Amino acid sequence: MKKLLTGNEAIAQGAWEAGVMYACAYPGTPSTEILENIAEYKGDIIAEWAPNEKVALETAAGASVFGARSLAAMKMVGVNVAADPLFSFAYSGVNGGMVLVSADDPGCHSSQDEQDNRYYAKFAKIAMLEPSDSQEAKDMVKAALEISEQFDTPVLMRITTRICHSKSLVEIGTRQHVPKRPYSRDVSKYDLVPATARKRRVEVEKRIDRLAVFSETTDLNRIEWNDKKIGIVASGVGYQYAQEVFGVEASYLKLGFTYPLPIEKIRGFAAAVETLYVVEELEPYIEEQLKAAGIPCIGKTKVPGIGELTPDIIAKALKGDSIPFVEADLSQVVARPPLLCAGCPHRGFFCELSKIKNLMITGDIGCYSLGGNEPLNAKDTCICMGASVSMGHGVQKISDRTGDPTKVVAVIGDSTFFHSGMTSLLHVAYNRSNTVTVIMDNRITGMTGHQENPGSGFTLQGMSTKIAYIPAIVKALGIDAIRVVNPLDLKESREALAWALSLDEPSVIITRWPCVLKKYSDADKHEFGNYIGTCQVDSAKCIGCKMCIKTGCPALRFDKAAKKASIDAAQCVGCKVCLQVCPVKAISKAGE
């Protein structure tokens with residue numbers, strides 16, 4: 001049987017078929033759906049959301065050491081968070097097979113950078129595989145686990161956004177029964193004190209030598225002979241694009257096992273073609289190694305190293321051709337920048353935050369990152385998960401030392417707070433800062449599609465669990481000044497900000513209201529009630545001041561000719577933020 005699957009769905013299918021017993025991740029586009037799909041196999045695989053990627057990899061490593069096949073998945077910047085255990089686990093090696101899926105994001109579709117994580121495999125000295133479609137994504141999970149067990153290594157599986165989210169046909173198989181391997185205590189392998197690590201370091205080099213031999217012979221790296229005037233070395237989706245552009249006009253060395261590279265196989269291929277191109281997304285990872293080995297090739301001097309590749313980009317770069325597209329009048333396309341949803345609980349608080357002068361707002365990764373956009377303009381920085389609190393502390397310390405009047409408000413979401421904001425807030429409390437930290441608790445991990453987190457009350461596989469109560473955590477971290485507010489109540493938000501900014505000690509404001517798109521749990525219904533409705537504008541009272549428009553709500557409209565505001569009832573949920581900012585009370589909620 002065949003199914004049309006995305007790469008992420010195929011990886012989940014592959015994990016099930018390959019006998020994986022444990023899988024863990026922190027949600028992050030483009031990798032999120034891997035664990036969401038693995039979670040469907042409740043009877044066979046334990047699937048969990050971790051508070052962050054470091055914990056995800058460590059728990060998968062624990063399952064591996066105890067003898068089970070395991071998988072950890074994350075987006076590419078998540079591997080930065082997981083790098084500490086990754087490099088050490090590379091030394092100890094595995095028991096049950098273990099694969100780390102890194103989902104890279106060329107083009108920064110949903111990321112703050114576009115790092116190329118292939119270098120992590122080379123840096124950590126572990127094997128790496130790169131699928132080029134959904135069938136390979138499924139098959140390579142099994143191959144990665146077998147390689148992991150054969151060579152005693154974690155295996156990095158590098159995928160990209162296009163592989164994650166594009167669909168292709170996949171042959172569906174059955175689950176392979178892989179019993180848990182016996183665990184025997186072995187401190188000389190798993191207890192990485194310096195004396196052990198020095199010995200394991202030697203084993204890592206021996207392993208790389210064995211993997212290099214394997215790379216030369218595995219059918220994961222294959223040659224497809226056609227016209228020999230042009231030869232193309234490619235991996236991942238770059239292989240698909242090259243095939244689309246050149247067809248039988250070129251021969252291909254398709255690389256699926258990309259660390260260590262099969263240098264001698266590539267050398268032989270290069271000798272048989274007239275011109276050798278390397279097609280790879282982002283960095284010249286393959287090209288650099290070929291040139292270091294004395295293999296002449298053409299890569300990033302023609303193929304761009306910035307952004308996502310497309311067949312058209314490759315055609316223009318290597319053939320001077322353009323791939324024809326359907327003509328469109330781009331002047332008719334209206335620019336639609338990303339906005340907070342209509343009724344988003346963050347909007348009201350940002351409206352009040354944006355009014356405060358001499359304020360620096362350090363932001364974080366989440367839906368609330370959109371608070372920096374027009375017309376709210378309520379954000380100065382955004383670096384990485386958890387950085388808002390730490391950066392805010394650094395700014396405030398220098399501001400205080402230099403006598404600068406600037407105050408700092410750090411804004412972070414609930415899931416991001418659990419991920420890496422807690423240690424930052426501990427740093428704030430320990431070092432006697434006086435920053436204001438706003439934890440925007442919308443009761444779910446919103447940006448990546450409503451995944452559960454430690455504060456939601458449910459696990460990935462739907463079990464009811466203990467709720468991590470943010471005010472209690474904040475108190476335990478050493479913060480005494482804490483307020484919980486309804487962010488849709490502008491007066492309450494305004495008063496909380498004034499209170500916090502007047503203090504000479506660290507404070508935390510927790511904005512607690514569910515994401516407007518969230519499916520309410522029974523606990524949500526009990527706490528927040530049913531506020532959903534529709535607001536309406538009395539055109540006779542509207543003076544056209546545009547104060548409501550300045551909230552940035554996509555449900556609001558402004559008729560330039562009539563100089564009147566209106567509300568799209570199909571989008572409005574009745575949050576009443578616009579009602580509160582209207583100076584002439586021209587907006588009301590239907591039924592009230």
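Just so it is clear, the values below take in all heavy atoms, side chains as well, and ignore hydrogens, waters and symmetry mates. Note that the structure is predicted; figures quoted are calculated from it, not measured.
Annotation for I567: atom CD1 counts as buried by contact number, over 12 foreign heavy atoms lying within 6.0 Å. Heavy-atom contacts from other residues, nucleotides or ligands closer than 6.0 Å to CZ of R557 number more than 12. The environment of Y469 atom OH is sparse: at most 12 non-hydrogen atoms of other residues, nucleotides or ligands sit within 6.0 angstrom. Environment of OH in Y430: sparse, with no more than 12 heavy atoms of neighbouring residues, nucleotides or ligands closer than 6.0 Å. The environment of N431 atom CG is dense: over 12 non-hydrogen atoms of other residues, nucleotides or ligands sit within 6.0 angstrom.
The closest side-chain heavy-atom distance from V581 to K550 is not below 4.5 Å. Residues E114 and I306 meet the side-chain proximity criterion, which asks for heavy atoms closer than 4.5 Å. For the pair K564 and V537, the minimum side-chain heavy-atom distance is 4.5 Å or more. Residues Y120 and N80 meet the side-chain proximity criterion, which asks for heavy atoms closer than 4.5 Å. Between N486 and F528 there is no side-chain heavy-atom pair separated by less than 4.5 Å. Using a 4.5 Å heavy-atom threshold, the side chains of L477 and V508 count as separate. Within the 4.5 Å cutoff, the side chain of L282 has no heavy atoms near those of the T160 side chain. No side-chain heavy atom of H393 sits under 4.5 Å from any side-chain heavy atom of S424.
Among D441, D414, D524, the single residue meeting the salt bridge (Lys or Arg N to Asp or Glu O under 4.0 Å) criterion with K518 is D524. With V411 as the partner, the side-chain contact (heavy atoms from CB on, under 4.5 Å) test is satisfied by one option alone out of D364, T362, L353, T437: L353.
Ion pair R512/E527 flagged as a salt bridge, since at least one NZ, NE, NH1 or NH2 atom sits closer than 4.0 Å to an Asp/Glu carboxylate oxygen. A salt bridge links R158 with D116: at least one charged nitrogen is closer than 4.0 Å to a carboxylate oxygen.
No hydrogens or angles considered: a donor-acceptor pair under 3.5 Å links the side chains of Q13 and Y41. Counting only N and O atoms by type, the side chains of H109 and T161 include no donor and acceptor under 3.5 Å apart. Side-chain contact annotation: D568 with S566, donor-acceptor N/O pair under 3.5 Å absent. Side chains of T445 and N453: a donor on one and an acceptor on the other come within 3.5 Å.
Atom CD1 of I470 is separated from atom CE of M440 by 12.5 Å, given to the nearest 0.5 angstrom. Atom CZ of F417 is separated from atom CG of L425 by 5.5 Å, given to the nearest 0.5 angstrom. Annotation: the span from L501 atom CG to N434 atom CG amounts to 10.0 Å, rounded to 0.5 Å. In this structure, SG on C535 lies 9.0 Å from CG on L556, to the nearest 0.5 angstrom. For the atom pair SG of C582 and NZ of K576, the computed distance is 14.0 Å after rounding to the nearest 0.5 Å. T551 OG1 to R347 CZ: the interatomic distance, rounded to the nearest 0.5 Å, is 5.5 Å.
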As a quick check of understanding, evaluate side-chain contact (heavy atoms from CB on, under 4.5 Å) for Q112 and I383, giving each step before the final call. CA-CA 7 Å; Q112 62 270 39; I383 299 296; over 6 Å; no
For Y26 and Q451, what are the C-alpha separation, side-chain angles and deciding distance, and is it a side chain to side chain donor-acceptor pair (under 3.5 Å)?
-> CA-CA 9 Å; Y26 180 80; Q451 291 76 34; over 6 Å; no
- Query: When you look at T32 and K75, which way does the side-chain contact (heavy atoms from CB on, under 4.5 Å) test go after all the steps?
  - Reply: CA-CA 8 Å; T32 305; K75 68 183 297 176; over 6 Å; no
Stepwise side-chain contact (heavy atoms from CB on, under 4.5 Å) check, T59 with I46 = CA-CA 11 Å; T59 51; I46 300 166; over 6 Å; no
Walk me through whether D104 and S102 qualify under side chain to side chain donor-acceptor pair (under 3.5 Å).
CA-CA 6 Å; D104 291 9; S102 169; 3.0 Å; yes
side-chain contact (heavy atoms from CB on, under 4.5 Å) between C24 and L35, worked out:
CA-CA 7 Å; C24 196; L35 258 287; 5.6 Å; no
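The two residues F349 and T511 make their nearest non-hydrogen contact at CD1-CG2, 3.6 Å. Annotation for A47 and I38: closest pair CB-CG2, 4.0 Å, computed over non-hydrogen atoms. Closest heavy-atom contact between S433 and P506: O-CD, 2.7 Å. L71 approaches A15 most closely through the heavy-atom pair CD1-CB, 4.3 Å. The two residues P554 and L339 have their closest heavy-atom pair at CB-CD1, 4.1 Å. Here the closest heavy-atom approach between residue I543 and residue V584 is recorded as CD1-CG1, 3.8 Å.
Side chain of S399 to backbone of D404: a donor-acceptor contact under 3.5 angstrom is found. In this structure, the side chain of T435 does not engage the main chain of V408 through any donor-acceptor pair within 3.5 Å. Of the possible polar contacts, one joining the D105 side chain to the S110 backbone as a donor-acceptor pair under 3.5 Å is found. Checked by atom type and distance alone, the side chain of S88 never pairs as donor or acceptor with a backbone atom of P85 at under 3.5 Å. Judged by distance alone, with hydrogens and angles left aside, the side-chain atoms of Q461 form a donor-acceptor pair with the main-chain N or O of I45 at under 3.5 Å. The backbone N or O of G574 lies less than 3.5 Å from a partner atom in the side chain of K589, making a donor-acceptor pair. In terms of modelled atom types and a separation under 3.5 Å, the side chain of E53 and the main chain of V81 share no donor-acceptor contact. One N or O on the side chain of K379 and one on the backbone of S369 form a donor-acceptor pair closer than 3.5 Å. In terms of modelled atom types and a separation under 3.5 Å, the side chain of Q115 and the main chain of M76 share a donor-acceptor contact. Between the side chain of S134 and the backbone N or O of L5 there is at least one donor-acceptor pair closer than 3.5 Å.
The six-membered or imidazole ring of Y531 lies near that of W513, with a centre-to-centre distance under 6.0 Å.
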